[in-house]
Amino acid sequence: MWHTGSGMRRLVRVLALGLTIGLPATPALAQSARLGVDEIVYALLSITPEQARELTTLLRSPGAIAHDLVEATDAVTHLAPALPAALLHDVVTAPVRDAHVILGVVTDTVELVRRPAGEPRGLFRHTLRALHRSQVFTAAASVVRRVTHPSNRTARLAIVLTARGHGVPVRAEHLDMLDRAIRRDDPDLGPLLQGVVETLARMYGRDAVRLILD
């Protein structure tokens, strides 16, 4: 999916550029080249300086890139054989699952109104747990969590760059918020919603966000 996006195509071009440049022989030249590559990456891609440094670091670790890609591919290939049985399960249990989701939404809505201020509870936790009664949802969430795990720097950066290439100023922290939202045992949609609202506010202004929420 990523290779069809303009952001991923730019990422591939920069990866190729970095691997072609390589590492100079002396420490002084290496420092100079690192600054040059950072500037090239920052100029070509709509990313932050920190993301440019992360990308140039990965460019010098082709073994790490290969390992990350294998891990991401493995996560997806393990999902495929289980999909038919998961789909059958979800079709058979659809009425019961829908009832649990509705109950979860009602419970979470009541909690939003009645719970004491500052009480630490996951936002829409009942609804998210009910969604995990779907085996397809649970399997997909597991793949997303594996691919976006902090140890998979290549996949995380590719997702961020692809999103930013389409005009969405995603940061790596948003992937951690997504991970928290789709956990099975202790989900919390609050941090992700807050991150989305803050991003929209930066893009369109707080007045526009108020209009959307109203």
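Excluded from the calculations below are hydrogen atoms, water molecules and symmetry mates; all remaining heavy atoms, backbone and side chain alike, are included. Here the structure is a predicted model, which means the values were calculated and not measured.
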Taking the hydrophobic residues Ile, Leu, Val, Met, Phe, Trp and Tyr, and joining any pair whose side-chain heavy atoms are under 4.5 Å apart, which ones share a cluster with Val113?
none
Taking Asp68 for the side chain and Asn152 for the main chain, is one N or O donor matched with an acceptor at less than 3.5 Å?
no
Which atom names give the shortest non-hydrogen contact between Pro81 and Pro84, and what distance separates them?
O-CD, 3.5 Å
Any Ile159 side-chain heavy atom under 4.5 Å of Val147 side chain:
yes
Any salt bridge linking Asp176 with Arg171? Criterion: basic side-chain nitrogen under 4.0 Å from a carboxylate oxygen.
no
Which other residues belong to the hydrophobic cluster containing Val70, where Ile, Leu, Val, Met, Phe, Trp and Tyr are joined when side-chain heavy atoms lie under 4.5 Å apart, directly or via other members?
none
Give me the atom names and distance for the closest heavy-atom approach of Ile182 to Arg145.
CD1-CG, 3.7 Å
Quick check against the 3.5 Å criterion: does Arg180 have a side-chain atom that pairs as donor or acceptor with the backbone of Asp186?
yes
Given the rule that I, L, V, M, F, W and Y join up when any side-chain heavy atoms are under 4.5 Å apart, are Val136 and Leu79 in one cluster?
no
How would you list, by chain and number, every residue that makes a ring pair (Phe, Tyr, Trp, His ring centres under 6.0 Å) with His132, sequence neighbours excluded?
Phe137
With distance as the sole test, does Asp188 use its side chain to make a donor-acceptor pair with the main-chain N or O of Leu123 at under 3.5 Å?
yes
Can you tell me which residue pairs pass the ring pair (Phe, Tyr, Trp, His ring centres under 6.0 Å) test with a partner in residues 57-85, sequence neighbours excluded?
none
Do Leu112 and Leu193 belong together in a cluster built from hydrophobic side chains that touch within less than 4.5 Å?
yes
Does Leu69 offer a backbone N or O that forms a donor-acceptor pair with the side chain of Thr73 under 3.5 Å?
yes
Between His126 and Glu111, is a side-chain contact (heavy atoms from CB on, under 4.5 Å) present by the stated rule, with each step listed?
CA-CA 10 Å; His126 299 288; Glu111 280 193 355; 3.1 Å; yes
Which heavy-atom pair separates Arg156 from His149 by the least distance, and what is that distance?
CD-O, 3.1 Å
Looking only at heavy atoms, what is the nearest atom pair of Pro187 and Ala181, with distance?
CB-O, 3.6 Å
Check the pair Leu175 / Val160 against side-chain contact (heavy atoms from CB on, under 4.5 Å), numbers first and verdict last.
CA-CA 9 Å; Leu175 300 180; Val160 169; 4.3 Å; yes
Salt bridge or not between Arg183 and Asp179? Use side-chain N to carboxylate O under 4.0 Å.
yes
Do Val76 and Leu83 belong together in a cluster built from hydrophobic side chains that touch within less than 4.5 Å?
yes
Please tell me if the side chains of His89 and Thr93 come closer than 4.5 Å, counting only heavy atoms from C-beta onward.
yes
Distance col, row Thr148:OG1 vs Met177:CE, nearest 0.5 angstrom, shows 13.0 Å
Would you say Asp74 and Thr77 make side-chain contact, with heavy atoms under 4.5 Å?
yes
Taking Val170's backbone N and O only, do any of them form a donor-acceptor pair with Arg164's side chain (distance below 3.5 Å, no angle check)?
yes
What pairs with Ser134 under side chain to side chain donor-acceptor pair (under 3.5 Å), at least two apart in sequence or on another chain?
Asp90
Nearest 0.5 angstrom please: Thr107 OG1 to Phe124 CZ, how far?
11.0 Å
Hey, what do you get for CG (Leu189) to CG (Leu178), rounding to the nearest 0.5 Å?
9.5 Å
Connected-component partners of Val96 among ILVMFWY, side-chain separation under 4.5 Å
none
